[in-house]
Trainee: 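Take this structure, written in C-alpha cells, and hold onto it; I'll ask about it next.
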Amino acid sequence: MDDLNKIAHKWQKKWAEKKLFEAKPDKKKEKFFMTVPYPYISGSLHIGHARVVTEADVYTRFQRMLGKNVLYPMAFHISGTPVLGISLAIEARDEKTIKLYKGYVKQYEKDDKKVEKIMKSFQDPKKIVEFFIPKMINEFKTLGLSVDWRRSYTSGDIEHQALVEWQFKEYQKKGYLVQGNYPILFSKTLNNAVGEDDIKEGDTDPVDIQEFTLIKFKIDDSYLMAATLRPETMYGQTNMWIHPDVNYVKAEVDGENWIISQECAEKLKYQNKKVKEIKKINGKDLLGKFCFAPFVERKILILPSVHCDPNIGTGIVTSVPSDAPFDYIALRELQNSEHMCEKYGLNWEEVKKIELIPIIKSKGYGDFPAVEICKKLGIKTLEQHDKIAKATQEIYKVGFHTGIMIDTCGPYKGKKVEDAKEGMKKQLLKEKRADILYETSRPALSRDGGEVIVATLDKQWFLDFNAKGWKPKAMKLLKNLELWPEKYRKQFEDVFDWLDKRPCARKRGLGTKIPFDQEWIIESLSDSTIYMSLYPINHIIRKHKIKKEQLTSEFFNYIFDSKGKPADVEKKTKISKKILEEMNKEWNYWYPFDQRHTFTAHLSNHLSFMIFAHASAFKEKYWPKRVSFHGMVMSEGDKMSKSKGNVITLVDVNEKFGADSFRAFMCNSTSVESSFNWESDKVLIMKKHLVILYETLKKIQSHKGKSDDYKKYTSFVSKTERAIKNAKKSLEEMNLRDYSTLVLYGMHNNYRQLLNKGLSGKELQSINDYVGNKWATMLMPLVPHLAEELWSTDKKNKGFVSTQEWPKHNEKLISEKAEYQDDIVDNLRADIISVLHLAKLKQAKKLELFIPEEWKYAFFKKLKQQMEKTRNIGEIIKACMVKGHEKDVGKMVPMLVKNPSRMPKIVISQKEELKALEESKTFIEKEFKTKVVIIQAEKSKEHKAKQAMPGKPAILVA
RNA sequence: GCGGGAGUGCCGGAGUGGUCAAACGGGCUAGGUUGAGGGCCUAGUGGCUUAGUGCCUGCGAGGGUUCGAACCCCUUCUCCCGCACCA
C-alpha cells in the first residue's frame, strides 16, 4: 500500500464516521436525487460496475458543491436465475462453478475450513446473496463514493417485494397484464424451463426458438403434416417428400388424425396438444400416393427423399424446388434416375413430368433462385449437405429481405415476402388448415445431459405495452425527459413504437411472486422498474422494523399518492400515523429522481420499461427528470471476459492502482458517452501524475502568505479564473473529460509556467494563497481523497472539502488581453529559438527586437472589423487604407484575408506591446544569456524592422 | 435486413462553416537537470523550404454546395452497438 492509498482509506473512514453523505430532507435547500442501476450479484465487482457509479459520484459531488441537498443511494439486484443457477451448480458439485466461487470467497476468507463451510452454505441462494452484498458494499466504498448506504436493500427484501406486488396489482387493475400462449426452452429431465445458463454451450452457441408452420395435406381420413419455415412458398409446391426408411405415426391430435414422425408426436405433447398415437406407418407405404395441397389447391404426388429428418418438424416436407435447393436437387436426382423410381415403385414418366413453378422475384435472381444458386455453387447431389444448407440460407435471406411475390401467387401477388409470409400463415391458421410447432434452432442438452425442447405455456403473463392509454403516457414522459446526450431520443421513440407484449413472469428463479397467481415469479427486468421509489423511505421502514404484511396497497397509495387519511391507513397497516406522515413527507421531498446515469445498452429494455412503469405508477410531477448515458467498458482494448483474463476487479483497483488514480484516469481518458478502455500502464502514468500534483499542491498549501503580489500576474490570474468558470461549465454538462483536463493539467501547466518566471519568495506565497484552496476544491469531485488531504494541509481550513462550495470566479479578472500579452512573450521566445536555429547560432551575442510601427496596430484593428463583415478584398482595402502606406496595405490585405491565421487573436496597442516586452526583458535575457534591445520600428533604419507585425516582433540576432 | 452511432498524427482523443486542424494526454527522438534511475525542464515528432516566423499535402473514398468545408448535402466503403424475455 502506498501513500495515495493510505490517504484514501483515511478519508473514507472519516467520511463514514461523520456520516457525511447521509441525506436528510431540508426544505431550505434544493434537492438533487441521483440514481444508477443497482448491480446484480455475481461474484466480484469490476470496472464495468465502477464506471457508472464513479461518474455518477463525480457529478453528485459537484451538485453538493452547488449547495444542493444531494441523495445518492444504491441497492442490489438478486432476481432471476443466475444466483439460483450458481446455487444449483454448487449443489450438483459442478467443478467449474465451485472453483470460481471458492476463488471469490478466498479473497475474503483465508481459513480453509471456513471457506468450505461458506461454500456449503451456498447451496441456499440466499446465503450467496448474504455473503456477497457486504463485500460488494465494501468494494464500492473503496472507490470513495458519496453514497448514503443506510438506504440500501436487495430486490429480495420485503420492502422491494411489497413494492413490486403493489405495482403488479395496479397493472392488473389497469388492464396492463394479459395472459396467452408462449413457447419456452424446456428441459425434459429437469421438467422445467431453462435459460442460456442452463444449456450446454448455451453462452457460446445460443439456442433460439423457431416457429414451424405445420400444413395439413388431406390423405384419406388423415392429414399428412408438412413442416415449413417458409409458408409463403406454398404456391410453388410440386410434390411431397417422405423419408422412405422412417417410421411415421398416425396420431389423434386434438381430435384430428395427423401423420407425423414419432419424434414430433412427443414434442407436440409439450406444446399443449392432446396426442394419442393410433398406429405406426412406414414411410415407404406412403410413396406414390397423392395428398391434397393448400394454395395450389390440387393433389400432389408423395415422393421419397432422405433429406427429411424425423427430428426436425414433422419429418415431412412439402417440395418447392423453385426456391428450395434441397427440394430442387432431390427432385432432379429422382427425375434423372429410372432406377430409383423403380425401386420405390413410382411411375418414372409421371415423376419426369413435374415442373418447377416460379413464385418469388428476388434481387439478383430470376424465376428459379434454387436452380441458379445450385449451379453457382456447383451443387449436384444431396450428399453435398453443407453446401446445400449454405445455399438455402442465402436464398432465404435474399428472398426475405428483397423478394416480391409474382403473379402465380393469387391474392398475394405483388406483396413483399415478409408480408406474404405472415399473411399466408395467418390465413391457413384461420382456415384451420395449419398449426404451429416450435423447435429449437439446434439440438441442445441441459447441463445435466437431458434433452432440451420447446414447451408452450398456456397461461404466460405478459405486460401489454399497447394496452389502452399506456403508450401515449410513456411518450409524454419521454417528451419531458431530458436526455444526455440528446441524440438517443430517436432510438427511444423507435423502441416505444415497437414494444408490444412482453412476458413478465417465469416459472423459476429468485424474485417476487405475482400476488394473484402464485405459480409465477415476476421476471427480473420487470421487477426493477420503480425500485428507486424505495430509496426515500427505506431507511425508515428498516428503522421501525415494519413487516411485509404492513406494506399494503393502502400503504403505497398513501406514501406515493397521499391517498386516504393517515389515521385510516394506520388502522389498516398498523403503522403509526406519525411514521406514515414522516415517510410521505420524505418521499415527497426526494421524488422524482433528478437523474439516472446508465449504460446505453439499457435503452431498449430497462430504461424503456422504467419509463413505462413510472408513467403508470406515478403522477406526472413524480416523473423522472433526466437520463444520462455512458459508453461501454473495455479492458486493454478487448471486451472484458473471464476467458480473456482481462477482468479488472475493484479489489485490483484498490490494491494496485488506487481510487483516485482510477477516477482520474477514467474521467480523463474518454468522454462519458464513449467507450472507456482500461489500460493498466496508462493508469499507472496517471497515478504518477497525481503524485506530482499532490506534491506540488502540498507545497502550495503549506507555503502561503497574504499579500497583493499575485495581482501582478494578470495572465496567471486570468487563466485561473477562467479555469474555475470553464471547469464548472463542463461539470454542469457532465463533461467530465474537459473538467478533469482543466484541473489535472490546465491548472498545473499554468502554475508551472509561472514558476519559470522566477518569482520572489513573497510573490510565490501570495500566488499560493490565491490559488491553493481554489485548486484543491476544484479537484474534489474527481479525486476526493487527494483533495481532502490537500484541503486539510492548510491548517486554517475547517471541515471537509467534500462539503465546500465550488469557488466563485471573478469575471473581471478574466482578461484576454493579459493572457495575450503573455502569449506574445511565449511566442517570441519560441521564435528566437527558431531564428537561432536557422542562423546556426548556439549562442547569440546580441538580440534586437523590433516593435511594429504604430500605424500597423490601427490598421490591424480595422482589418479585423472589416473581415467580420466581408471577405471582398477590394472593399476591405478601400475601408482599411492608410495614408502614406498604400503600397503596404495593398500587399498585406490580400495575404491576410486569404490566410487569417496570420492575424493576432486580439490587437493591442503599440504601447501595450512595448510594455509587455519590456516586462519580460530580464526573463528573456536570462534564458538566452545575452543582452536584449527593444526598438520601435519607427526609430530604426534596419530593413528587418519593417517585417514586424502586431503580436510578432521582428528579431535580429548577432 | 432493420434501427442507432462512429471513421481525424505512431496511439487515446479535441475541434462540427471562417482567428493556426491535432487542444489535452500518451509514445518516440535529442539536449539539460540528477550519485544512478524515476521524475522534472527544453526542443523536435506529414513533406518541402528558409535570416526567418513561409509554401504544399492532409480529417475513410469519390462528388457537390460555398468567397471559404473535418464540419452541410449526395454516393460509397469500413467498424461498433441493439433487435425482446437475457441480467
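Protein chains get the first letters and strands the later ones, always in sequence-line order, with residue 1 at the start of each.
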Trainee: Both distances under 3.5 Å, Watson-Crick or G-U wobble: report the partner of B/A30, or none.
Mentor: B/U42
Trainee: Considering Watson-Crick and G-U wobble pairs with both distances under 3.5 Å, what does B/U50 pair with?
Mentor: none
Trainee: Under 4.0 angstrom, heavy atoms only, what part of the nucleic acid is A/L525 near: base, sugar-phosphate, or nothing?
Mentor: base
Trainee: Show each protein N/O and nucleotides 6-15 of chain B N/O combination with a separation under 3.5 Å, one pair to a line.
Mentor:
unit_1, atom_1, unit_2, atom_2, d
B/G13, O2', A/R737, NE, 3.4
B/G13, O2', A/R737, NH2, 2.3

Trainee: Would you mind reading off the distance between A/L483 atom CG and B/G4 atom C1', rounded to a whole angstrom?
Mentor: 14 Å
Trainee: Nearest of B/C24, B/A84, B/C85 to any side-chain atom of A/L499?
Mentor: B/A84
Trainee: What is the distance from CD of A/E816 to C1' of B/U19, rounded to the nearest Å?
Mentor: 11 Å
Trainee: Test your reading of the model: is there a side-chain donor-acceptor pair from A/Q179 to the backbone of A/K459, 3.5 Å cut-off?
Mentor: yes
Trainee: With rounding to whole Å, what would you report as the distance between B/G58 and B/G47 at their P atoms?
Mentor: 15 Å
Trainee: Regarding A/Y182, tell me which of base, sugar-phosphate or nothing describes its non-hydrogen contacts under 4.0 Å with the strands shown.
Mentor: base
Trainee: Give the rounded distance in Å between these two atoms: CE of A/M632 and C1' of B/G5.
Mentor: 12 Å
Trainee: Please measure how far the P atom in B/A21 lies from the corresponding atom in B/U57, and state the result in whole Å.
Mentor: 13 Å
Trainee: Could you give the CE-to-C1' distance, from A/M949 to B/G54, as a whole number of Å?
Mentor: 13 Å
Trainee: Using the test ring-ring contact (aromatic ring centres under 6.0 Å, His included), find all partners of A/F676 that sit at least two apart in sequence or belong to another chain.
Mentor: A/F665
Trainee: Is the glycosidic angle of B/G47 within 90° of 0, making it syn, or outside that range, making it anti?
Mentor: anti
Trainee: Tell me the closest heavy-atom pair linking A/F168 and A/S526, and the distance in Å.
Mentor: CE1-O, 4.0 Å
Trainee: NA contact type, A/T600, heavy-atom cut-off 4.0 Å: base, sugar-phosphate, or nothing?
Mentor: nothing
Trainee: Looking only at side-chain atoms of A/S604, point me to the closest of B/C85, B/C83, B/G82.
Mentor: B/G82
Trainee: Measuring only the P atom in each nucleotide, how far is B/A36 from B/C24? A whole number of Å is fine.
Mentor: 31 Å
Trainee: Using purine N1 to pyrimidine N3 plus N6-O4 or O6-N4 for Watson-Crick, or N1-O2 and O6-N3 for G-U wobble, both under 3.5 Å, which nucleotide pairs with B/G12?
Mentor: B/C24
Trainee: What integer number of Å spans the C1' atoms of B/C10 and B/U29?
Mentor: 13 Å
Trainee: Answer yes or no: does a side-chain N or O of A/S526 lie under 4.0 Å from OP1 or OP2 of B/C85?
Mentor: no
Trainee: Could you state the CG-C1' distance from A/L847 to B/A51, rounded to the nearest angstrom?
Mentor: 13 Å
Trainee: Can you tell which of B/C85, B/C24, B/U53 lies closest to the side chain of A/T741?
Mentor: B/C24
Trainee: Side-chain N or O of A/N749 versus OP1/OP2 of B/G25: is the shortest distance under 4.0 Å?
Mentor: yes
Trainee: Tell me which nucleotide, if any, is Watson-Crick or G-U wobble paired with B/A69 when both distances must be under 3.5 Å.
Mentor: none
Trainee: Under 3.5 Å between N/O atoms: give me all the protein pairs with nucleotides 34-41 of chain B, atom names plus distance.
Mentor:
unit_1, atom_1, unit_2, atom_2, d
B/C41, OP1, A/R752, NE, 2.7
B/C41, OP1, A/R752, NH1, 2.5
B/C41, OP1, A/R752, NH2, 3.4

Trainee: Please give the distance between the P atoms of B/C80 and B/C85 as a whole number of Å.
Mentor: 23 Å
Trainee: State which residues pass ring-ring contact (aromatic ring centres under 6.0 Å, His included) with A/Y438; sequence neighbours excluded, sorted by chain then number.
Mentor: none
Trainee: Among residues 455-466 of chain A, which ones have heavy-atom contacts with RNA chain B below 4.0 Å?
Mentor: none
Trainee: Give, for atom CE of A/M747 and atom OG1 of A/T741, the distance between the pair rounded to the nearest 0.5 Å.
Mentor: 13.5 Å
Trainee: Can you tell me the base-pairing partner of B/A36? Count Watson-Crick or G-U wobble geometry only, both distances below 3.5 Å, and say none if there is no partner.
Mentor: none
Trainee: More than 12 non-hydrogen atoms from neighbouring residues, nucleotides or ligands closer than 6.0 Å to NZ on A/K471, yes or no?
Mentor: yes
Trainee: Distance check, C1' atoms only: B/G13 and B/A22, in whole angstrom units.
Mentor: 9 Å
Trainee: Taking only residues two or more places apart in sequence, or in another chain, which ones meet A/E733 in a salt bridge (charged side-chain N to carboxylate O under 4.0 Å, His left out)?
Mentor: A/K729
Trainee: Can you check the A/L690 CG to B/G25 P distance for me, whole Å?
Mentor: 14 Å
Trainee: If I take atom CG in residue A/L607 and atom P in nucleotide B/A87, what distance separates them, rounded to the nearest angstrom?
Mentor: 17 Å
Trainee: Between B/C85 atom P and A/K507 atom NZ, what is the distance in whole Å?
Mentor: 18 Å
Trainee: Please identify each residue that fulfils side chain to side chain donor-acceptor pair (under 3.5 Å) with A/E519, with sequence neighbours left out.
Mentor: A/K507
Trainee: Looking at residues at least two apart in the chain, or sitting in another chain, which of them share a ring-ring contact (aromatic ring centres under 6.0 Å, His included) with A/H689?
Mentor: A/Y745, A/H748
Trainee: What distance do A/L229 atom CG and A/Y396 atom OH have between them, rounded to the nearest 0.5 Å?
Mentor: 6.0 Å
Trainee: Using the C1' atoms only, state how far B/A6 lies from B/A70, rounded to an integer number of Å.
Mentor: 14 Å
Trainee: Suppose we define a pair by two distances each less than 3.5 Å, Watson-Crick or G-U wobble; what does B/G82 pair with here?
Mentor: B/C2
Trainee: Using the P atom on both, measure B/U53 against B/G62 and round to a whole Å.
Mentor: 32 Å
Trainee: Taking the nucleotide of RNA chain B with the closest heavy atom to each, which residue, A/P953 or A/Y745, is nearer the 5' end?
Mentor: A/Y745
Trainee: Run the ring-ring contact (aromatic ring centres under 6.0 Å, His included) test against A/H160 and tell me which residues pass, sequence neighbours left out.
Mentor: none
Trainee: Over all heavy atoms of both residues, which pair between A/D500 and A/N466 is shortest? Give the atoms and the distance, please.
Mentor: OD1-ND2, 2.8 Å
Trainee: Who are the side chain to side chain donor-acceptor pair (under 3.5 Å) partners of A/S674, not counting sequence neighbours?
Mentor: A/S671
Trainee: A/S155: which residues meet the side chain to side chain donor-acceptor pair (under 3.5 Å) condition with it, sequence neighbours left out?
Mentor: A/S79
Trainee: Nearest to the A/I685 side chain among B/C83, B/G26, B/C24, which nucleotide is it?
Mentor: B/G26
Trainee: Give none if B/C59 has no partner; otherwise give the nucleotide forming a Watson-Crick or G-U wobble pair with it, both distances under 3.5 Å.
Mentor: none
Trainee: List the residues meeting side chain to side chain donor-acceptor pair (under 3.5 Å) with A/N677, not counting sequence neighbours, and say none if there are none.
Mentor: none
Trainee: Heavy atoms from C-beta onward define the side chain here; which of B/A87, B/A84, B/C24 lies closest to that of A/R506?
Mentor: B/A87
